[in-house]
Amino acid sequence: MKTETTTTNLVAPVGMHDVLYPHSVRWEQVIATFANLVERAGFGLVISPLLEDIAVFNRGIGSESDVVRKEMYELSDRGGRHLALRPEGTASIVRAFVQHRPNIVWKAWYLTPAFRYERPQAGRYRQHHQLGVELLGTHDPEADIEIISLAGSFYRSLGIKKVKLSINSMGDSQCRPSYIELLKNLLSERKEQLCKEHEHRVELNPLRILDCKREECIQATADLPHLIDHLCSDCASHFATVQEGLADLGFEAEVNHRLVRGLDYYTRTTFEFSALMLQSAQNAIGGGGRYDGLVEALGGPPTPGIGFGIGIERLLLAADEEGVLPLPESSTDVFVIDIVGGHRARTLVHELRTHGIRAIRSFDNRSLKAQLKLANRSGARFALIVGPDEDRAEAVTIKALREDESQVSIKASLVTDYMKGLLG
RNA sequence: GUGACCGUAGCUCAGCGGUUAGAGCACCAGGUUGUGGCCCUGGGGGUCGGGGGUUCGAAUCCCCUCGGUCACCCCA
């Protein structure tokens, strides 16, 4: 166990990153776009603790999943409680549902960091951030359609167009057990053909083997029957309705029978959005599915649910590749230059801001030249200059920074109204 | 968890056994006694990621370690 780093330079933990201005502006845009979209659809923001009793994830996500087996950040608090940082959003939201029992149908959205102890690489971090929604309390395939189409609409409204939607059905407690038995029987005869990781896991969770990307597993499972051909009639018609509904709304979904996903709670519909422009292996920019047994698994009454999570970092990588979501040019209107000590800038920016004008100033009594340089770089449209002359005359000089207009001097008391006019 | 490549100024990088470690950009000041962007001049900035070793001498070679990037697995 390492205790403390030996280097004197302190940096962010492995796989975790600072998002500085102006890059953070794009995060604000993404989050605002999402909130606007899902709130229009009746989802309400839910804020829940970053830490949960570790049982929330063990029982929720499934102790056989990779996320729980080897990727969780676990800790004990001073009272000896065994907690974990959330590795994804759904289990926590469902825990909150079980605790508070809101009226169904319950529609929640969230923004959360998610922690997974993995080796970082392009598009994969130990702390990433997810936007997501959960819809609890109905089996209606219309809910599936609403959820998936919302995610699709979100990408569209950001201008991200090169997106592929994959979809599958995991069946339910009626039809999945018999299919799993069938898989076990077929796979037990060819265990030795599977990859090292899955060779010994045929009995535990054979479905996961379908999702393995290793060549051995892909070959060994190539001729296996597909789950979607073994669905019970309820699941089959549910899946058919979801596909029809998505097509009806103009979202083309490609059935991928290997789309099992790593979280054990899924039933029936699962889906994933991948960014075609992302060359890296990590090109999934969103995904989710139905989890009709999860509320029960966490101690609540039998309640179906469906939701999705979208990774902000990968979304921004995809946006970069498509050349959308450019950084804004400026976040300020006016730069107040004071060369008589700084007290005039103090009152001027205060008054301008009070009236809704974005106004900044410099500190440390810099020279006129230095302050003009800062004003130019700030992207402000106008500089307000107060020197000894203006100070004496109780005036300010207004200088346009983006065009060659002659500057004007006006009474200080009229500045706010004048600037309002100039800025429209 | 496994593997590959890479760590020199705030950033991008040059230097790859031999004085006091450089460039471009960025930053600061001056040229212009009250006017930014362009230009010119000057300036501040470095435990050469860290530790150990080889050597008369190490940013340079070797070992370890930490960090970064990418890939596998899995996922957002």
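Only heavy atoms go into these numbers, but all of them, side chains included; no hydrogens, no water, no symmetry mates.
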Inset, instruction - Let me have a per-nucleotide readout for nucleotides 2-8 of chain B, 5' to 3', with B, S or -, counting only protein heavy atoms under 4.0 Å. - result: BB-----
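- The base-pairing partner of B/G36, taking Watson-Crick or G-U wobble contacts with both distances under 3.5 Å, does not exist among the strands shown.
- Atom CG in A/L317 sits roughly 14 Å away from atom C1' in B/U69 (whole-Å rounding).
- No contact: A/A375 has no heavy atom under 4.0 Å from any strand.
- Counting only heavy atoms from C-beta on, A/Q121 has its side chain closest to B/C70 among B/U69, B/C70, B/A76.
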Inset, instruction - Begin from the C-alpha positions of A/H238 and A/D144 and carry the test side-chain hydrogen bond (donor to acceptor under 3.5 Å, both in side chains) through to its verdict. - result: CA-CA 9 Å; A/H238 184 100; A/D144 304 44; 2.9 Å; yes
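- Counting only N and O atoms by type, the side chains of A/T416 and A/E351 include a donor and acceptor under 3.5 Å apart.
- Judged purely by distance below 3.5 Å, without hydrogens or angles, the side chains of A/R95 and A/S48 never pair a donor atom with an acceptor atom.
- Searching all strands for a Watson-Crick or G-U wobble partner of B/G18 with both distances below 3.5 Å returns B/C56.
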Legend entry - Full working for side-chain hydrogen bond (donor to acceptor under 3.5 Å, both in side chains) between A/R258 and A/T221: CA-CA 10 Å; A/R258 288 185 184 275; A/T221 58; 2.9 Å; yes
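- Note on A/R366: a side-chain N or O is less than 4.0 Å away from OP1 or OP2 of B/A29.
- As rounded to whole Å, 16 Å separates atom C1' of B/C28 from atom CG of A/N365.
- One atom, CD of A/E118, and another, P of B/A76, lie 10 Å apart when rounded to the nearest Å.
- Of all nucleotides present, only B/C25 satisfies the Watson-Crick or G-U wobble test against B/G10, with each distance under 3.5 Å.
- To the nearest angstrom, P of B/A76 lies 17 Å from CE of A/M16.
- When rounded to the nearest whole Å, the span between CZ of A/F154 and C1' of B/A76 equals 12 Å.
- No contact: A/V67 has no heavy atom under 4.0 Å from any strand.
- Atom pair A/D211:CG and B/A76:P shows a separation of 10 Å (rounding to whole Å applied).
- Spacing of C1' atoms, B/U60 relative to B/A71, comes out at 29 Å, to the nearest Å.
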Inset, instruction - Please assess A/T397 against A/Q407 for the test side-chain hydrogen bond (donor to acceptor under 3.5 Å, both in side chains), listing each intermediate value before the final yes or no. - result: CA-CA 7 Å; A/T397 294; A/Q407 54 196 44; 5.1 Å; no
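- In this structure, A/I61 places its CD1 atom 13 Å from C1' of B/A76, rounding to the nearest Å.
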Legend entry - Contact letters for nucleotides 31-45 of chain B, in which S counts primed atoms plus P, OP1 and OP2 and B counts the base, heavy atoms under 4.0 Å: B--BBBB--------
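- At a threshold of 4.0 angstrom between heavy atoms, the contacts of A/G123 include nucleobase atoms, whether or not backbone atoms are also involved.
- Look at A/R26 and A/D320 and you find a salt bridge, because one of the NZ, NE, NH1 or NH2 atoms lies within 4.0 Å of a carboxylate O, short of that distance.
- Across the strands present, B/C72 finds its partner in B/G1; the criterion is a Watson-Crick or G-U wobble pair with both atom distances under 3.5 angstrom.
- Candidate nucleotides B/A71, B/C74, B/G30 were compared by shortest atom distance to the side chain of A/C212, and B/C74 ranks first.
- Residue-to-nucleotide contacts include a donor-acceptor pair under 3.5 Å from the side chain of A/Q282 to the base of B/C74.
- For A/R69 and B/C73, the CZ to C1' distance is 11 Å, given to the nearest whole Å.
- Note that CG of A/D18 is 11.0 Å distant from OG of A/S24, once rounded to the nearest 0.5 Å.
- A 4.5 Å side-chain heavy-atom check between A/W106 and A/E134 finds every atom pair outside the cut-off.
- Salt bridge A/E322/A/K162: absent, no basic N to carboxylate O contact under 4.0 Å.
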